[in-house]
Amino acid sequence: MQRYSVFAVAREALRHHTGWDRAWRSPAPKAKYDVVIVGAGGHGLATAYWLGKKYGIRNVAVIEKGWLGGGNTGRNTTIIRSNYLQDPSAAIYEKARSLYETISQDINYNVMFSPRGVMMLAQTHHEVRGYKRTAQANALQGVQTEFIGPGRVKDLCPILNIDGPRYPVLGALWQARGGTARHDAVAWGYARACSAMGMDIVQQCEVTAVRQVGGRAIGVTTTKGDIDCDKLALVVAGHSGVLAEMAGFRLPIESVALQALVSEPIKPCMDVVVMANTVHGYMSQSDKGEMVIGGGTDGFNNYTQRGSFHHIEETVRALIETFPMISRLKMLRQWGGIVDVTGDRSPIIGTTPLGNCFINCGWGTGGFKAIPGSGWATADLIARGEPGPLAAAFTLDRFREGRFIDESVAAGVAH
Ligand code: FAD
Ligand code: PYC
């Protein structure tokens with residue numbers, strides 16, 4: 001793999017950028033791999049990366065029906081934080097957040113991780129109690145968060161109106177090392193690192209059937225032909241129910257569109273991420289100056305990866321008391337992604353009723369932040385055939401056994 005560095009950029013500048021290699025190869029699929037991963041979003045690619053990096057398993061294909069990172073990974077609002085309530089969630093999200101700290105060096109690709117700080121506003125007394133409880137749980141879990149008062153909130157984000165008549169800001173749960181990263185760079189960086197390890201990332205290749213013999217997965221049928229494998233991983237987010245049906249089992253998951261929008265670019269005015277869960281909306285400013293604004297999920301199940309007009313009005317209306325400045329902004333574009341939501345708002349990582357077939361899904365509205373840690377845990381699962389400590393609580397069995405990991409508040413997005 002050609003190494004990216006300031007010297008490489010300078011060298012290429014002198015020769016008019018004619019010497020850059022392609023970031024990843026685009027091979028035709030081979031007939032057989034040790035591991036086939038369906039879905040080249042962040043989670044599928046990070047899983048492949050850790051399989052190669054940690055376990056030396058490199059005869060791996062990542063099969064993608066569209067273009068890599070073109071699902072939710074390239075459509076999200078990029079918020080990274082680990083301020084969850086339950087211990088298993090804090091462990092996997094904090095592992096992921098800590099990997100984000102060094103990911104650009106680890107994979108030699110600048111994902112623009114920006115630990116600018118994330119605050120979740122408390123705008124009711126109930127939220128104050130809830131976030132104080134989360135801060136205490138986080139302290140026990142080794143996750144650094146604190147509950148801050150309204151004065152500190154205003155200092156950190158002067159454009160906030162903390163004296164709103166309906167929902168004054170009473171404080172916030174603050175995670176100083178939370179932040180954002182460039183979403184598609186995360187997918188591109190992992191793809192480049194996987195390709196350099198000899199793995200095949202096969203785009204424009206849809207899986208249409210899961211082939212099985214005697215209760216074990218033996219491969220997939222795709223629009224580019226049959227591909228055999230020893231182990232199969234389904235990492236397809238909003239299409240998890242579809243792939244599970246091909247594999248012959250059902251998942252406790254609903255697929256629903258989550259929408260976001262950005263404004264025209266403006267001068268820098270906000271250098272933290274703010275989530276306002278009572279009124280419901282969240283906002284940060286991109287490096288280009290656009291205000292990145294997110295809303296809630298659609299109120300009905302669907303597979304439509306697009307925005308709908310009423311969401312602009314609903315989301316902006318919700319935020320306007322807290323951020324009066326957005327009443328003067330022109331909105332530039334909106335979009336949607338299909339997220340996979342479980343009943344307890346926690347992911348599923350584990351074995352499945354089909355032998356040799358593993359699943360990673362259910363990240364719902366909040367899986368971008370989890371990508372490096374989820375890949376780590378899923379690679380461990382595939383390599384060893386059973387979940388390790390990071391994934392053990394997130395297996396499919398929990399729905400049968402009633403071991404829910406309720407993160408409906410920490411999810412921070414209206415469902
Ligand atoms: P995806 O990136 O969706 O990848 C799955 C891939 O599988 C897709 O590329 C798809 O094309 C492919 N696939 C599907 N079916 C097949 C098939 N039959 N054959 C081959 N390939 C197939 N999370 C956060 O942490 N912070 C946020 O701020 C945040 N904001 C969000 C805002 C929006 C608007 C949306 C939509 C999501 C947001 N999320 C956020 C959630 C986050 O984006 C997802 O949880 C995460 O990206 C899921 O990654 P993934 O790799 O599992 O799925
Ligand atoms: O999980 O932090 C999150 C999030 C913010 C917006 C969408 N998801």
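Source: prediction; values computed, not measured. Count residues from 1 along the sequence. Start at 1 and go down the list; that is how both ligands and their atoms are numbered.
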Using heavy atoms and a threshold below 4.0 Å, how should the contact between [X] and ligand 1 be classified: side chain, backbone, both, or neither?
{"X": "Ile80", "result": "neither"}
{"X": "Thr222", "result": "neither"}
{"X": "Ala370", "result": "neither"}
{"X": "Leu243", "result": "side chain"}
{"X": "His239", "result": "side chain"}

Considering heavy atoms of the protein only, find what lies nearest to [atom] and give residue, atom and distance to 0.1 Å.
{"atom": "atom 28 (O) of ligand 1", "result": "Thr77 OG1, 2.7 Å"}
{"atom": "atom 23 (N) of ligand 1", "result": "Phe368 N, 3.1 Å"}
{"atom": "atom 4 (C) of ligand 2", "result": "Thr365 O, 3.8 Å"}
{"atom": "atom 2 (O) of ligand 2", "result": "Arg81 NE, 2.7 Å"}
{"atom": "atom 35 (C) of ligand 1", "result": "Leu258 CD2, 3.5 Å"}

Just jot down the ligand 1 atoms closer than 4.0 angstrom to any heavy atom of [X], in number order.
{"X": "Ile63", "answer": "20 (C), 21 (N)"}
{"X": "Thr78", "answer": "27 (C), 28 (O)"}
{"X": "Glu206", "answer": "18 (N), 19 (N)"}
{"X": "Trp363", "answer": "45 (O)"}
{"X": "Gly41", "answer": "2 (O), 4 (O), 51 (O)"}
{"X": "His43", "answer": "48 (C), 49 (O), 50 (P), 51 (O), 52 (O)"}
{"X": "Asn72", "answer": "1 (P), 2 (O), 3 (O), 36 (C), 43 (O), 44 (C), 46 (C), 47 (O)"}
{"X": "Val235", "answer": "5 (C)"}

Polar contacts were defined as any N/O atom of the residue lying under 3.5 Å from an N/O atom of the ligand; does this apply to [X] and ligand 1?
{"X": "Gly366", "value": "yes"}
{"X": "Tyr282", "value": "no"}
{"X": "Gly337", "value": "no"}
{"X": "Thr365", "value": "yes"}
{"X": "Met246", "value": "no"}
{"X": "Val207", "value": "yes"}
{"X": "Lys65", "value": "yes"}
{"X": "Lys369", "value": "yes"}
{"X": "Gln259", "value": "no"}
{"X": "Gly336", "value": "no"}

Main-chain N/O of [Y] paired to [X] side chain as donor or acceptor, under 3.5 Å:
{"X": "Ser114", "Y": "Ala181", "result": "no"}
{"X": "Arg75", "Y": "Gly336", "result": "yes"}
{"X": "Trp363", "Y": "Ser374", "result": "no"}
{"X": "Thr222", "Y": "Val207", "result": "no"}
{"X": "Thr47", "Y": "Thr378", "result": "no"}
{"X": "Thr77", "Y": "Ile79", "result": "no"}
{"X": "Thr124", "Y": "Glu127", "result": "yes"}
{"X": "Glu264", "Y": "Lys330", "result": "yes"}
{"X": "Arg81", "Y": "Thr180", "result": "no"}
{"X": "Asn277", "Y": "Val279", "result": "no"}

Under 4.0 Å from one or more heavy atoms of Gly366, ligand 2 contributes atoms 1 (O)
Find all atoms of ligand 2 within a distance of less than 4.0 Å from any non-hydrogen atom belonging to Thr77, and give their numbers and elements.
->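 So the answer, numbered in order with elements, is 6 (C), 7 (C).
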Kindly identify the option in Gln204, Arg75, Glu64 whose heavy atom sits closest to atom 6 (C) of ligand 1.
->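 Minimum heavy-atom distance to atom 6 (C) of ligand 1 goes to Glu64.
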Ignoring hydrogens, just give me the one of Ile79, Asn76, Ile37 whose non-hydrogen atom is nearest atom 31 (C) of ligand 1.
-> Asn76
Between Trp376 and Trp50, what is the ring plane arrangement, given parallel below 30°, perpendicular above 60°, and tilted in between?
->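 Perpendicular.
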Verify whether one side chain among Tyr84 and Asn138 offers a donor that lies under 3.5 Å from an acceptor in the other.
-> no
Side chain proximity check, Gln141 to Glu94, heavy atoms < 4.5 angstrom | no
Taking the side chain as every heavy atom from C-beta outward, state whether Arg398 and Asp344 have any pair of such atoms under 4.5 Å apart.
->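 Side chain of Arg398 against side chain of Asp344, heavy atoms only: contact under 4.5 Å found.
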Looking at CD1 of Ile266 and OG of Ser263, how far apart are the two atoms once the value is rounded to the nearest 0.5 Å?
->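 The OG atom of Ser263 is 5.5 Å from CD1 of Ile266, to the nearest 0.5 Å.
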Spatial distance of atom CE (Met270) from atom CZ (Phe323) [nearest 0.5 Å] |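 It comes to 4.0 Å.
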Any cation-pi pair here, Arg152 with Phe147, using under 6.0 Å and within 45°?
-> no
Which of these passes side-chain contact (heavy atoms from CB on, under 4.5 Å) with Tyr33: Ile57, Val60, Ile63, Asp200?
-> Asp200
Yes or no: does [X] have any heavy atom under 4.0 Å from an atom of ligand 1?
{"X": "Gly74", "value": "no"}
{"X": "Gly294", "value": "no"}
{"X": "Gly364", "value": "yes"}

Decide yes or no on side chain to side chain contact (heavy atoms under 4.5 Å, CB included) for Ile201 and Cys194, but give the supporting numbers first.
-> CA-CA 8 Å; Ile201 298 158; Cys194 290; 4.3 Å; yes
Give the contacting part of Tyr282 toward ligand 2: side chain, backbone, both or neither, where contact means a heavy-atom distance below 4.0 Å.
-> side chain
Do you know which two heavy atoms are closest between Asn302 and Ile338, and how far apart they sit?
->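 Closest approach of Asn302 to Ile338: O-CD1, 3.5 Å.
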Between Tyr190 and Trp24, is the gap from one ring center to the other below 6.0 Å?
-> no
Any N or O on Lys369 sitting closer than 3.5 Å to an N or O of ligand 2?
->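 There is such a contact, yes.
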